[in-house]
Structures are given as structure tokens and as C-alpha cells.
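Report on the following structure.
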Amino acid sequence: MISLHMQCGCADLALAQFKQMKERDIVSWNSLIAGYNQHGLDMEALTTFSCMLQDSVLQPDKFTLASILSACANLEKLELGKQIHAHIVRAELGTYDAVKNALITMYAKSGGLAIAQKILEQCATSDLNVIAFTALLHGYIKLGDIMPARQIFDSLRDRDVVAWTAMIVGYVQNGLNNDALELFMSMIKQGPKPNSYTLAAMLSVSSSLASLDYGKQIHASAMRSGEVHSVSVSNALISMYSKAGSIGGARKVFNLIYFNRDTVSWTSMIIALAQHGHGEDAIELFEKMLSHGIKPDHITYVGVLSACIHVGLVEQGRSYYNLMTNVHKIEPTHSHYACMIDLLGRAGLLQEAFNFIQSLPVEPDVIAWGSLLSCCKVHKNVDLAKDAAERLLLIDPDNSGAYSALANLYSACGRWEEAAQVRRSMKNKGVKKEQGFSWIQIQNKVHVFGVDDGVHTQKEAIYKMMEKIWKEIKNMGFVPDTDSVLHDVGEEVKEKMLKHHSEKLAIAFGLINTPENTTLRIMKNLRVCNDCHSAIKFISKLVGREIILRDATRFHHFKNGKCSCRDYW
DNA sequence: GTAGGGTTAG
């Protein structure tokens with residue numbers, strides 16, 4: 001009965017049942033502990049374990065210890081794990097496979113990889129199994145050692161779906177998306193059938209590639225295999241659609257799982273809405289989440305605060321920050337601090353943002369100073385920007401963003417000499433500037449455009465298209481924002497440089513190569529400049545198309561001369 | 001009757 005409740009995810013019911021029992025045998029204790037462990041309630045598993053040791057004469061058996069070791073592994077409690085290990089040796093329970101595997105996992109996960117390896121080597125060759133090796137493989141991946149992990153994977157004879165997934169996830173977590181993709185392909189060809197874990201991981205690959213086509217393919221295969229009903233796959237789908245620029249797709253999935261939403265589902269949808277500039281909707285959804293009695297976690301609050309940032313709701317942001325710390329008792333992290341700095345700074349309350357940084361109970365990090373710096377850039381506050389940049393460079397001397405932001409700000413204010421000075425010192429220190437580029441995917445092929453690099457095969461046609469658009473939008477009232485040009489050159493040259501910004505080239509290319517009325521989805525690695533933002537609004541009206549641009553921080557939906565961000569970004 | 005390796009959010 002206890003395990004039945006646990007399997008339904010009703011830990012409370014299981015506990016009530018357990019408390020009712022007059023006589024508790026080892027199986028009832030084990031069921032409760034294992035249930036907690038399987039539902040991620042590892043702290044509860046450990047407390048139950050110590051109750052068992054105190055309240056009863058029962059001795060833990062191999063089932064108890066396997067679960068407890070797993071809890072230690074998840075909580076990375078190496079010391080406690082070692083004590084359990086000692087007990088296992090004394091009680092001579094170390095011969096059971098499940099216990100051995102749990103032991104190796106515990107060491108691999110909680111920072112004792114060398115011990116894990118040693119135990120594995122001591123096992124006779126006969127009973128080495130895929131579970132222990134997968135745990136070891138995962139241990140290497142956690143340390144970022146991909147090579148030994150891959151070696152283990154290659155040497156495994158009976159690779160099952162978990163081993164394949166562990167290796168794929170390992171690539172994803174270490175930013176090796178292409179390797180993940182490649183391995184997934186060969187899994188399809190010759191490996192076991194992917195399950196919900198595999199598909200969720202591959203959806204996160206599609207998210208970081210921001211490839212809607214690819215994500216849709218994974219969605220289709222999840223539908224075919226029935227894994228689409230898993231909450232984790234649904235949650236990963238929400239993020240994938242959002243990051244690929246389709247807020248509608250994200251909404252559809254979220255609505256579809258009405259009866260099956262967890263904290264991650266709500267959080268993913270809130271973040272999706274925030275990223276797409278639907279700040280009010282994000283907040284409304286958050287309130288709905290609270291009224292449904294779903295507990296927000298620290299990431300939910302990152303989403304809520306960034307929703308407030310994107311629409312400039314300063315007061316509301318402040319009150320949510322207080323709600324988080326005072327009511328939900330969530331300790332703010334660096335991300336929350338960065339959100340608050342952004343919230344205040346974006347709204348022009350630069351001094352207040354600066355004071356906020358000064359009042360932090362921890363050393364401010366690169367992100368904190370970087371947020372303040374970019375806000376100073378938006379509001380053209382040179383003095384504070386200089387201060388922020390200097391402090392940032394103390395922590396990270398090679399931060400190209402800090403140099404660029406400061407140099408650009410000087411340029412924008414016409415202080416060419418100081419701008420040149422910053423660029424010189426950047427050059428002297430060997431710091432390389434991050435180049436801006438944009439890309440667009442058309443029929444499974446990604447086309448990348450740098451600033452005016454002119455390498456594309458359709459260069460002539462693209463430039464010609466841009467020339468035509470430029471003339472027409474100027475007739476519509478578009479005024480080029482030559483302040484966005486960060487070089488001291490004549491007005492005419494400035495205009496030419498603006499015309500060839502990477503996002504504009506990507507749009508011109510998209511217009512040439514897609515049928516009329518198709519939505520264009522452009523991605524950019526840096527934040528969109530003022531001139532491009534203004535130009536794209538006109539272009540969307542001129543060509544009667546929706547243009548979706550994802551820049552470094554958010555999405556802009558341009559339609560009929562307007563942008564979803566309402567020009568606040 | 002109970003157990004062991006792998007997800008998803010900024």
C-alpha cells in the first residue's frame with residue numbers, strides 16, 4: 001500500500017498509511033524510504049532512515065542501503081556515504097550487485113570518482129555491469145572529462161537506453177551539441193529506442209540551436225513513441241518552442257498538459273512569455289500558479305522578475321522580490337540580484353541600481369556589474385559606466401563586453417578620443433571584440449551573416465534588395481539612426497554601414513528566399529541596435545510580414561510597423 | 001510486497 005501511494009506520487013498518503021501501522025517491518029520502512037528517494041525527496045529519505053535506526057530494532061538491509069546511498073549521491077553527501085560504506089563492509093552486504101552499484105554511484109556523484117573507479121576495479125570481471133559503468137561515465141561527465149566518459153561508453157558491451165542517454169546528455173551539458181546530435185542519430189540507427197529522458201535532452205539541443213524545424217522533428221518522434229505524455233518531454237517542448245521563436249507553439253503544449261503541470265511546466269511557460277515580451281501575461285500566469293497552490297522555486301522568480309524587466313514594471317518587480325524572500329523564503333541568488341539591477345537600471349534608476357549592488361551581502365560578480373554597465377549605455381551615463389566597467393575588469397580583465405560597451409558609449413556621445421583610447425587599451429591587452437552576427441534557417445540550412453562581410457553567395461542580390469528596401473522605408477518616414485554607428489565617419493558612410501548590419505542582411509536574404517507572407521525568424525548573438533530596431537518595424541509594414549528577431553536577451557516580434565517590446569528593451 | 005545508472009527551467 002505504501003509503495004502504491006508512492007508510485008502515484010502521493011508521499012503524504014504513504015506517510016499517513018505508514019503512521020497508522022502498528023507493526024512496521026523492514027519492508028514498510030524500505031518502501032517509504034525508496035519512495036522518497038525516487039521522488040527526489042532525498043532529505044526526507046535520510047530523516048526517515050535515522051528514525052528507523054532510533055525507533056526500531058530493525059537493521060537496514062540491502063534494499064534500505066541501496067536507497068540511502070542513492071539519496072546520499074543526489075545530495076552529494078560524501079561523508080555520510082562513507083559511513084554507510086563502512087557499515088556495509090561490517091554487515092557484509094557489499095556482495096549484492098544493487099548495493100555495489102549504489103555505492104559506486106554515490107562516490108561518482110559526490111566527488112569521490114577515484115574511489116568509485118577503485119571499487120569497480122576490485123570487482124571480479126564477471127559481475128561488472130552496465131549500471132556501474134554508467135554511473136562512472138556520469139561521474140566523468142560531471143567533471144567535464146568527456147574523453148574518458150566516451151571511452152567507457154565505447155567499451156560497454158550491453159549499452160542500454162540509459163547509457164546512451166547519459167552519454168548524449170554529457171555532450172549537451174558540456175556544450176557539444178553536434179556530438180550529441182551525431183550520437184543521437186546513430187542511436188536511432190543502431191541503438192535502443194529513445195525514451196522520455198533522451199527526447200527531453202535532444203529537445204534542449206534544439207533549444208540551444210534555436211532550430212524550430214529540428215525541434216518539430218523531435219516533437220513528432222515523441223508523439224510516435226508516446227513519450228510526449230511525459231511531463232519532462234512536455235516541459236522541454238515548451239522551452240524549445242519558445243526559444244525557437246514560436247510562443248504559440250509553447251502555449252499549445254502548455255494548454256495541452258492542463259491536468260499534468262508541475263513547477264517546471266509553469267516556470268517554463270512564465271519564462272517563455274517573459275522572453276517574448278508578454279510581461280503582463282507572464283505575471284498573470286504566475287498569479288494563477290500561486291492560486292493553484294503550486295509552489296514557485298528560485299527559477300520561477302527569475303522568470304517573474306525578467307517579465308517585470310522587459311515591460312518596465314519596477315514597483316511590481318520590487319514587490320515580487322520581497323514576496324520571494326519574505327513569504328516564500330527563497331534565498332536570492334546572483335541571478336536574482338542581476339534581475340533587480342537590470343530592472344532598476346533599465347528604467348533609468350541608475351543610482352539606485354548602483355546602491356543596490358553596494359548593499360549586496362556577497363561580492364558582486366561580473367554579471368552584476370555587466371548589467372549596470374549595459375543600463376548605463378542605454379541611458380548614456382558615462383561616469384557611472386566608467387566606474388562599473390573598471391570594477392568589472394578588476395574581476396575579469398579579459399572581458400571584451402566591458403571594453404566594447406564603454407567604447408561604444410563614448411562613441412555614441414561623440415567622445416571619439418576617449419572611445420579610441422578604450423579600443424587601444426583593449427588591443428594592447430590582446431582582448432578580442434565579440435563580433436556580431438545573425439542567422440536564419442531556411443529549409444534545414446542555417447545561413448550566417450556577419451557585419452558587412454559579404455561572403456554569402458547571394459551577396460549581390462541581398463545588397464540590391466537592401467538598397468531597395470532602404471529607399472522605400474525612408475519614403476515611409478524612416479530616419480536612419482546614425483548615432484548607432486560607432487565610428488567617426490561622414491553621414492553618408494554611416495548610412496552605408498547601417499544598411500549592412502547583420503540582422504538586416506539576414507532579413508533581406510529571408511525576403512528573397514521565402515514565399516510571400518511567411519514569417520521570418522532571425523537570431524542574433526548580440527543585442528539589436530537602435531537603427532535596426534527602427535528599420536525592421538518599417539520593413540514589417542512595407543512587406544506585410546511578421547519578423548521575429550531573437551537577440552541576446554529576448555524576442556522582438558515585428559508586425560505592421562510595431563514591435564512587441566513597445567520599444568522598451 | 002521493497003532496490004541500483006540517465007531529464008526538463010535562467
Side-chain angles (χ1 to χ4, degrees), chain A residues 1-4 6-7 25-35 37-38 40 60-71 73-74 93 96-106 108-109 116 129-139 141-142 152-153 156 159-170 172-173 194-205 207 227 230-240 242-243 262-272 274-275 296-306 309 333-336 338-339 367 553-554:
Chain A
M1 199 60 191
I2 291 172
S3 65
L4 200 69
M6 276 299 188
Q7 274 160 28
D25 60 4
I26 189 71
V27 176
S28 39
W29 282 101
N30 286 349
S31 303
L32 194 63
I33 292 172
N37 170 237
Q38 279 160 18
D61 65 2
K62 54 180 177 171
F63 292 102
T64 333
L65 293 167
S67 298
I68 286 304
L69 282 169
S70 167
N74 296 337
L93 288 166
Y96 294 101
D97 268 359
V99 176
K100 233 185 298 182
N101 288 331
L103 207 50
I104 291 166
T105 308
M106 185 276 294
K109 268 194 177 175
N129 66 60
V130 66
I131 293 179
F133 275 106
T134 308
L136 196 68
L137 183 160
H138 184 244
I141 283 168
K142 222 183 134 195
I152 294 171
F153 179 77
L156 280 177
R159 289 183 289 208
D160 60 5
V161 61
V162 182
W164 280 88
T165 308
M167 195 62 231
I168 289 173
V169 168
V172 179
Q173 283 171 352
N195 63 14
S196 66
Y197 286 68
T198 331
L199 293 168
M202 288 319 294
L203 283 168
S204 114
V205 172
S207 296
E227 299 288 359
S230 126
V231 198
S232 17
V233 170
S234 303
N235 294 345
L237 278 170
I238 294 172
S239 310
M240 184 280 291
S242 167
K243 283 200 184 151
D262 63 7
T263 299
V264 179
S265 326
W266 289 89
T267 301
S268 306
M269 195 60 224
I270 289 169
I271 289 168
Q275 281 174 335
D297 66 9
H298 65 116
I299 299 169
T300 318
Y301 271 105
V302 172
V304 175
L305 292 176
S306 66
I309 294 169
T333 66
H334 280 287
S335 321
H336 302 108
C339 285
I367 315 268
T553 56
R554 63 176 297 163

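The chains referred to below are lettered A, B, ... by the order of the sequence lines, with proteins before strands, and numbering in each begins at 1.
Under 3.5 Å, the side chain of Ser232(A) and the base of dT7(B) form at least one donor-acceptor pair of N or O atoms. At a cut-off of 3.5 angstrom, counting only N and O atoms as typed in the model, there is a donor on one side and an acceptor on the other between the side-chain of Asn195(A) and the base of dG6(B).
Between the NZ atom of Lys62(A) and the C1' atom of dA3(B) there is a distance of 9 Å, rounded to whole Å. Per the geometry, CG belonging to Asp160(A) stands 12 Å off C1' belonging to dG4(B), to the nearest Å.
A stacking contact links Tyr197(A) to dG6(B): the aromatic ring centre lies within less than 5.5 Å of the base's six-membered ring centre, and the planes differ by less than 30°.
Applying the 4.0 Å criterion to OP1 and OP2 of dA3(B), one finds that Gln38(A) has a side-chain N or O inside that range. Between Gln173(A) and dG6(B) there is no side-chain N or O to OP1 or OP2 distance below 4.0 Å.
Looking at heavy-atom distances under 4.0 Å, Asp25(A) makes contact with a base.
Considering only the side chain of His138(A), dT7(B) comes nearest among dT8(B), dA9(B), dT7(B). Listed candidates were dG6(B), dT8(B), dG4(B). Nearest to the side chain of Val264(A) is dT8(B).
Taking 4.5 Å as the limit, some side-chain heavy atom of Ile299(A) sits within range of a side-chain heavy atom of Ile271(A).
Qualifying side chain to side chain contact (heavy atoms under 4.5 Å, CB included) partners for Ser242(A), counting only residues two or more places apart in sequence or in other chains: Ala250(A), Ala272(A), Gln275(A), His276(A). Residues satisfying the side chain to side chain donor-acceptor pair (under 3.5 Å) criterion with Thr198(A), sequence neighbours excluded, are Thr165(A), Asn195(A).
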